[in-house]
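Data first, discussion second: the structure below is written as structure tokens.
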Amino acid sequence: MCGIVGYVGSREATPILLEGLKRLEYRGYDSAGIALLNGKNVSVVKQPGKVRELEKAIKVSPISATCGIAHTRWATHGSPNLPNAHPQMSTDGTIALVHNGIIENADALRVQLQKEGYLFVSETDTEVVVKLIDLLWMEDTLLEEAVAAALRQVEGAYGIAVVSSRDSNKIVAAQNGSPLLIGVGQEGEVLCGSNAAAVISLTREVVYLDDGDYAVLEPSGFRTYHLSGTEVARSVYQVTWDLESVEKGGYEHFMLKEIFEQPETLRNVMRGRLLEEEGDVRLGGIRDHAKELAEVRRIVMTACGTSWHAGLVGEYMLEEFARIPVNVEYASEFRYRHPVLEEGTLNLAISQSGETADTLAALKEAKQAGSDTMGVVNTVGSTIARHTDFGIYLHAGPEIGVASTKAFTSQLVALTLFTLYMGRRRQMSVLQGREVVAALQELPDLVEEVLQLNDEIRDLAQHFKDARNFLYLGRGYQFPVALEGALKLKEVSYIHAEGYPAAEMKHGPIALIDDDMPVVFLAPRDSVYTKVVSNIEEVKARQGRIIAVVSDNAPELKGKVDHMIRVPHTIPSLLSVLTTVPLQLLAYHMAVIRGANVDQPRNLAKSVTVE
Ligand code: F6R
């Protein structure tokens, strides 16, 4: 989720590139950089932090140029520091490259390049690509030929833009799984960008590249090719959205955009990590800690809010498949309650932002008590990521909407990957492992299917818009989903909602049920389905208004529930992802209908860095 912009033409490139970067800053903001072609040189300026820091640095020594590329970074490989900022350069400084995405075979390519004598100055996968272009650039050939040769060896997702003083006044751009578009400027100028926001100040005419395409941009125009070298024609589209909606990808709110991004974010958290044949996973962030993980006798997860809910699903999975005892603790309680942390305890901190004060304090507490520490974190290089011994990144991109959506489902998948890792090294069979891997592989497509329920759920929200209370009930893997559904509703629509284990209801909350109480039942067909059907009957008998989230036709529920939301079926642990999505949509639409500020709900902050 970095931002890329490129310009070649007759005007000064710097202000155009900086303007594009500012419009892309919502995509990532831990460092920014620019490469300008002036005469026979490539001049590069990079700064940690926001684009305004880069702007200040450029003002000190301005560079006149009419061709350049620029980048604002959201770290995926390596900490957010200066050497890891983009552009990344060839050793002789003649090629500069900016990249958005994740190169899966970067480690193998790095080893190959090191054997050729290349030295690396960053931890990024991007530097591998620029050095590979350098290696493959044959004498008397063009930059685009070298780029295409390198990309044929690259596996993974990328949107890139490259410039070189060896073949100047041109940009080569390419895409595979990470968008890169061309902006058709006025006569004599062409732009490129990771989305339309990057180019919109100069043009509304854009050309979307397809995966496996590359393009050559020169002042005289542009040409598009397939990686095989064949020239291909790509159509010009007119951008009709205003800037704000371009940043939101055409969605009305970031929350909705992030809900709809989930098929992609789930692909990202799994990318390059699944081993289909072995029914296992490859997790770079924990690979070197096999010994510590083999000695783990108990896992204590610490987290807050939505991340705590993800931890509960993780607890159920790890206990079921890896047979490791797990406790999930509110970080804010854990830090003050003198917990017993015996030898062999692993502290697993879960955090989207990586900056939550309570989770960080709990982590320090566990460290002090001698526990090994692990993170499941979205923000690369964040404080929690830096303070844990090892971990798994989510690669979900920045989450802008205050209510966490895509990070939650990525946490569930990251915890599934960790369960596979721990399970397969304990008592989980290859067959079981393969079953989970297969279910993971089809999960993004199933989430796409769930997203098609959007209109149906908007109608449902309209129906319940005046409700003052909501109850969410689920059992097993669906209990944490009930908690998460209730939290989403309260935080964005300000309707009081409670999540409860469905069977616990009769020990108290059942007193609340009357014809004015909507009850959302999570009732996919899993091992506790028949039990949940009984709980539904208990509510029906008291005139509660029931919405059931099911995973098939659920004939047992005909006549017993008022509304049914049907999601596709998968293995029970991953049903938690599929049943979460309609609850996110329900909360979103309720909030919009009630006129609430969806992306910045009152009293809430995205990152809670105070106690
Ligand atoms: C709810 C929400 C919060 C966070 C919590 C922890 O939608 O976003 O409950 O989950 O503040 O934040 P992180 O995961 O950044 O540690």
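We number each residue from 1, following the sequence as shown. When reading the values below, keep in mind they use all heavy atoms of this one structure, side chains included, and skip hydrogens, waters and symmetry mates. Whatever order the structure lists ligands and atoms in, that order sets their numbers, starting from 1.
Under a 4.0 Å criterion applied to the non-hydrogen atoms of Glu491, ligand 1 contributes the atoms 1 (C), 7 (O). In summary, the atoms of ligand 1 found under 4.0 Å from a heavy atom of Ala403, numbered by their order in the structure, are 7 (O). For ligand 1 and Gln352, the ligand atoms under 4.0 Å from any heavy atom of the residue are 13 (P), 14 (O), 15 (O), 16 (O). Near Ser353, meaning under 4.0 Å from any of its heavy atoms, are these atoms of ligand 1: 13 (P), 15 (O), 16 (O). Annotation for ligand 1: atoms under 4.0 Å from non-hydrogen atoms of Ser351 are 13 (P), 14 (O), 15 (O), 16 (O).
Nearest to atom 6 (C) of ligand 1 by heavy-atom distance, out of Gly305, Ala331, Cys304, Ala303, is Cys304.
There is no side-chain donor-acceptor pair under 3.5 Å between His589 and Asp459. Between Ser31 and Asn84, the side chains place no donor N or O within less than 3.5 Å of an acceptor N or O (distance only, hydrogens not considered). Using a 3.5 Å distance cut-off with no hydrogens or angles, the side chains of Glu484 and Thr306 do pair a donor with an acceptor. Side chain to side chain, Glu399 and Ser404 meet the donor-acceptor criterion of an N or O pair below 3.5 Å. A donor-acceptor contact closer than 3.5 angstrom links the side chains of Glu342 and Thr345.
Judged by the shortest distance from any of its heavy atoms, Val402 lies inside the 4.0 Å radius around the atoms of ligand 1. The closest approach between a heavy atom of Lys488 and any atom of ligand 1 is below 4.0 Å.
Tested against Leu574 for a side chain to side chain contact (heavy atoms under 4.5 Å, CB included), the candidates Leu446, Thr579, Thr416, Thr409 yield a single pass: Thr416.
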